[in-house]
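Shown next, in structure tokens, is the structure this report addresses.
Protein chains get the first letters and strands the later ones, always in sequence-line order, with residue 1 at the start of each. Values below: all heavy atoms of this structure, side chains included; hydrogens, waters and symmetry mates excluded.
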Amino acid sequence: MTIFVDIGSLDDIPRQGARLFKTAGGCVAVFRTMDDQVFALEDRCPHKGGPLSEGIVHGTSVTCPLHNWVFDMNSGAAQGADKGRVRTYPVRVQGGRILLDATLIRTRSAA
Amino acid sequence: MTIFVDIGSLDDIPRQGARLFKTAGGCVAVFRTMDDQVFALEDRCPHKGGPLSEGIVHGTSVTCPLHNWVFDMNSGAAQGADKGRVRTYPVRVQGGRILLDATLIRTRSAA
Amino acid sequence: MEICGCNGVSKGTILDAVAGGTCTGLVQQVMALTLGGAVADAPAGMCKCTDHSHEDVRRLIRSMGLKSVPAVMQELGWKSVGGCHSCRPALNYYLLTEYPLEYQDDRQSRFVNERNHTNIQKNGTYSVVARMWGGVTTPAELRAIADAAEKYDVPMVKDTGGQRIGLLGVRKEDLPHMWADLNAAGMVSGAACSKGLRTVKTCVGKEFCRVGMQDSTSLGIRLEKRMWGSWTPHKLKLGVSGCPRNCAEATCKDIGVVCVDSGYNIVIGGAAEMEVRETEHLASTPSEDEAVAIILAVTQLYRENARYLDRIWKWMGKAGLDWIRAQIDDPATRAALVERFEISQSVYRRDAWADLSTPSETAR
Amino acid sequence: MEICGCNGVSKGTILDAVAGGTCTGLVQQVMALTLGGAVADAPAGMCKCTDHSHEDVRRLIRSMGLKSVPAVMQELGWKSVGGCHSCRPALNYYLLTEYPLEYQDDRQSRFVNERNHTNIQKNGTYSVVARMWGGVTTPAELRAIADAAEKYDVPMVKDTGGQRIGLLGVRKEDLPHMWADLNAAGMVSGAACSKGLRTVKTCVGKEFCRVGMQDSTSLGIRLEKRMWGSWTPHKLKLGVSGCPRNCAEATCKDIGVVCVDSGYNIVIGGAAEMEVRETEHLASTPSEDEAVAIILAVTQLYRENARYLDRIWKWMGKAGLDWIRAQIDDPATRAALVERFEISQSVYRRDAWADLSTPSETAR
């Protein structure tokens with residue numbers, strides 16, 4: 001069973017923006033869509049390691065800032081002709097708070 | 001009657017070179033030709049003020065380093081299509097020493 | 001009001017053509033008649049989110065008074081939720097150019113370099129390039145840059161092709177502190193890699209050079225101080241050379257000035273990237289003031305009319321140099337362009353870094 | 001031995017043509033047959049001091065073993081005493097290129113910028129530009145430049161178009177002291193405005209750039225450290241771009257490298273001065289070592305064959321890119337060119353400033 005831990009307020013992330021959370025398992029990028037859905041992805045493009053948290057969020061997709069690869073944040077799969085998949089993590093919003101899979105959080109600090 | 005003053009040794013000036021002498025009347029450029037003739041000119045091209053002492057000496061002429069005006073060092077007259085004249089001063093060589101018109105030399109220092 | 005200047009088609013022609021409703025096809029036909037072969041480059045939908053062309057969208061933003069990205073998408077029937085990384089930056093640019101005083105710049109619709117006012121690098125670090133107006137600096141500025149490089153363990157300090165000094169490999173978390181330090185030393189930064197005014201390269205000009213004909217350095221400084229912070233459809237590089245020997249390489253810049261004895265030749269449309277293109281002559285004037293006005297006017301004309309991500313040479317190929325020159329040569333049009341540029345600069349000629357920077361006292 | 005490579009005419013052809021005695025006219029006729037329309041650019045006397053063309057003089061320096069300016073003037077019947085400001089620098093250049101180990105460079109036959117290893121300015125002051133290999137510098141170097149600027153009251157500090165920092169308006173009497181100070185900080189200078197290797201511009205390349213394909217910065221540094229100090233017929237500017245986006249503007253330099261995924265494209269003959277010219281492709285190689293060898297070889301070919309004051313693009317127009325490429329592509333010819341370049345560099349790759357500088361302890 002996944003245990004979720006509160007990592008911050010939804011309002012800390014601008015719509016169509018992202019915020020980076022450092023965990024023991026690496027940097028996790030938490031994205032907020034225009035309609036307040038939230039996704040958590042590894043902050044590392046499988047192509048050349050670009051920081052996806054700096055990409056442009058559109059719909060439920062994000063575009064890597066380095067070379068414009070586009071990922072579906074539901075599945076983590078690269079779209080179009082590009083092949084690859086970015087790791088996704090369980091995340092949810094409850095009462096305006098962002099809850100992340102606790103197994104990721106051993107030491108945690110908001111960046 | 002012109003009185004000449006010893007300002008230095010001919011050997012201080014390389015052949016086809018020049019040396020600058022500061023006088024009360026301004027900087028005087030003393031030139032030595034390939035065949036050891038010596039000429040003294042104001043160190044200021046009448047065109048744009050270029051330092052003639054930095055020019056290329058050829059025959060009894062010198063070319064201004066800024067814009068390639070050529071002056072006959074005997075007369076100081078610009079050659080070719082250019083119009084102008086640079087001031088010349090009496091100078092002679094005697095016993096390997098350079099003698100310059102004393103009226104120029106109130107305070108003198110070799111540059 | 002210029003409706004579709006980017007193709008040199010008059011307002012009347014367009015209005016007649018589009019009177020019946022949707023216009024893309026009609027505009028294309030008008031263009032086919034007007035431009036001949038150029039129709040091969042006819043506008044398609046700006047991205048998969050819409051069938052409207054860039055030109056149509058821009059025209060409709062004006063005519064319908066659309067003033068936000070969501071409003072554009074709503075009113076023009078965007079097919080996607082929230083657009084994509086292609087249309088969003090373009091819409092954001094079109095809106096801020098059209099409504100400089102009303103529109104609030106949308107950071108989330110910007111590519112990372114504009115959003116962070118810096119240049120992202122391959123490992124997610126950034127480069128920081130402080131402005132040196134016209135390339136001129138001072139011992140104090142050099143020391144401030146040296147201090148910042150050491151304080152933040154910058155792995156490489158490098159002179160750039162734009163006559164600036166770049167600090168490469170800066171960590172994102174250090175950026176606000178570094179900005180604050182450089183600000184404290186009197187320097188503004190950011191935008192070194194933006195789609196906006198980059199740098200104004202200059203040669204030393206007649207103050208020092210034995211062949212310089214005008215004071216190219218001070219003209220470059222004047223232009224950079226007037227134009228910095230402005231957003232443009234793509235990067236905008238300027239150069240001012242003090243004589244036709246052209247040591248500032250002004251004739252392969254987007255906008256260049258080549259000084260001559262009689263004044264200033266203003267040239268546009270150069271490039272030295274994938275291809276090398278020599279500029280073409282736009283205007284000549286004996287007056288430095290007029291040279292500045294011409295450059296501000298053609299910059300504003302480019303801002304208002306070019307498709308997002310078109311450099312000046314590409315825009316010039318579509319709009320036509322003759323049409324551009326006609327706008328600049330007309331005194332009233334020129335003055336209006338300069339005025340609109342200044343209105344926009346009243347918002348954008350400010351140091352975005354200062355807004356974002358962290359006082360160094362609180363840092364580290 | 002290449003007799004008259006600058007026009008792409010083979011040794012055999014020339015030897016046959018000149019067997020009977022004076023050759024200028026005959027060479028012209030051969031060229032007319034060989035080159036067609038190019039005869040309009042047929043060589044005339046190099047200046048009013050002689051009827052011999054540059055090409056003839058150079059050939060005769062080789063074939064007659066002439067090893068000093070007076071010997072050339074004596075043996076070839078110069079009509080003036082001591083030549084003029086036009087032929088003397090050319091003869092000096094031809095002699096030092098032909099006999100790098102035997103010929104003693106004649107300072108009095110040099111234009112002021114080469115004689116003083118600096119650039120004269122309009123009021124007789126000079127500019128000083130310290131080398132930053134490939135444009136890369138350090139905080140310590142920035143501080144040393146800042147210190148020198150203040151110590152000698154330099155009126156302007158300016159970033160140059162060649163990715164260096166220029167100190168403008170330096171008094172001649174301060175030059176040796178400033179050289180000593182910069183030397184003490186580990187920098188070599190001089191030649192920033194010479195008819196020799198200028199700078200090697202670089203972009204940041206794949207070490208930092210998200211699109212860089214090779215390490216353009218380190219290749220640029222390697223080239224500059226290998227080539228600095230070499231004299232060439234005219235200024236020689238290099239650029240190395242890490243990808244085809246070409247941020248180092250390599251394709252308007254005399255010699256450029258454009259990195260691609262598969263290696264290095266070497267291009268020559270660009271310019272961004274009175275005219276803008278895009279380079280043409282010379283060679284491609286997957287190997288950085290081979291890229292360096294190709295660049296040294298084509299530089300030496302240019303040194304040995306071009307007329308004094310011809311930039312590479314002008315030489316290329318006369319010699320023909322095909323002929324140049326044939327020399328570079330032939331392994332034995334290429335290796336011999338590189339070897340001759342290195343022999344010359346054993347003399348000239350040294351800091352002329354250090355020889356002339358005054359220890360700062362004794363200064364002021």
Could you tell me if the side chain of D/Lys172 sits less than 4.5 Å from the side chain of D/Thr118, heavy atoms only? no
To the nearest 0.5 Å, how far apart are CH2 in C/Trp133 and CZ in C/Arg164? 9.0 Å
Under a 3.5 Å threshold, yes or no: a donor from one side chain and an acceptor from the other, between C/Asn123 and C/Thr125? yes
Qualifying residue for side chain to side chain donor-acceptor pair (under 3.5 Å) with C/Tyr152, from C/Asp147, C/Asp174, C/Asp181: C/Asp181
Taken to the nearest 0.5 Å, the spacing of D/Arg198 CZ from D/Gln163 CD works out to 15.0 Å
Please tell me if the side chains of D/Met132 and D/Ile145 come closer than 4.5 Å, counting only heavy atoms from C-beta onward. yes
Picking from C/Glu150, C/Arg277, C/Arg143, which has the most non-hydrogen pairs under 4.5 angstrom with chain D? C/Arg143
Top residue by heavy-atom pair count (under 4.5 Å) with chain D, among C/Thr138, C/Ile120, C/Val154, C/Thr137? C/Thr137
Residue among C/Lys158, C/Glu249, C/Arg210 with most heavy-atom pairs under 4.5 Å to chain D: C/Lys158
Would the number of heavy atoms belonging to other residues, nucleotides or ligands and lying under 6.0 Å from NZ of D/Lys314 be above 12? no
Taking a cut-off of under 4.5 angstrom between non-hydrogen atoms, the residues of residues 200-209 of chain C near chain D are C/Lys201, C/Thr202, C/Cys203, C/Val204, C/Lys206, C/Glu207, C/Phe208, C/Cys209
Mind checking whether C/Val112 and C/Tyr126 have side chains closer than 4.5 Å, heavy atoms only? yes
Candidates C/Leu238, C/Leu219, C/Val240 - the one meeting side chain to side chain contact (heavy atoms under 4.5 Å, CB included) with C/Ile295: C/Leu238
Mutual orientation of the aromatic rings belonging to C/Phe111 and C/Tyr308 [parallel < 30°, tilted 30-60°, perpendicular > 60°]: parallel
With a 4.5 Å cut-off on heavy-atom pairs, point out which of C/Pro244, C/Ala149, C/Cys252 contacts chain D the most. C/Pro244
Choice from D/Asn246, D/Val258, D/Val157 maximising heavy atom contacts with chain C below 4.5 Å: D/Val157
Assess whether atom CZ of D/Arg245 is packed by more than 12 heavy atoms of other residues, nucleotides or ligands within 6.0 Å. no
Under 4.5 Å to a heavy atom of chain C? For D/Thr160 that would be backbone
Heavy-atom cut-off 4.5 Å, strictly under: side chain, backbone, both or neither for C/Lys253 against chain D? side chain
Between C/Ala130 and C/Ser189, what is the shortest heavy-atom contact and its length? CA-OG, 3.2 Å
Enumerate by number any residue of residues 262-276 of chain C whose heavy atoms lie under 4.5 Å from heavy atoms of chain D; in the absence of such residues, state 'none'. C/Ala272, C/Glu273, C/Met274, C/Glu275, C/Val276
To the closest 0.5 Å, what do you measure between CD (D/Glu114) and CG (D/Asn119)? 9.5 Å
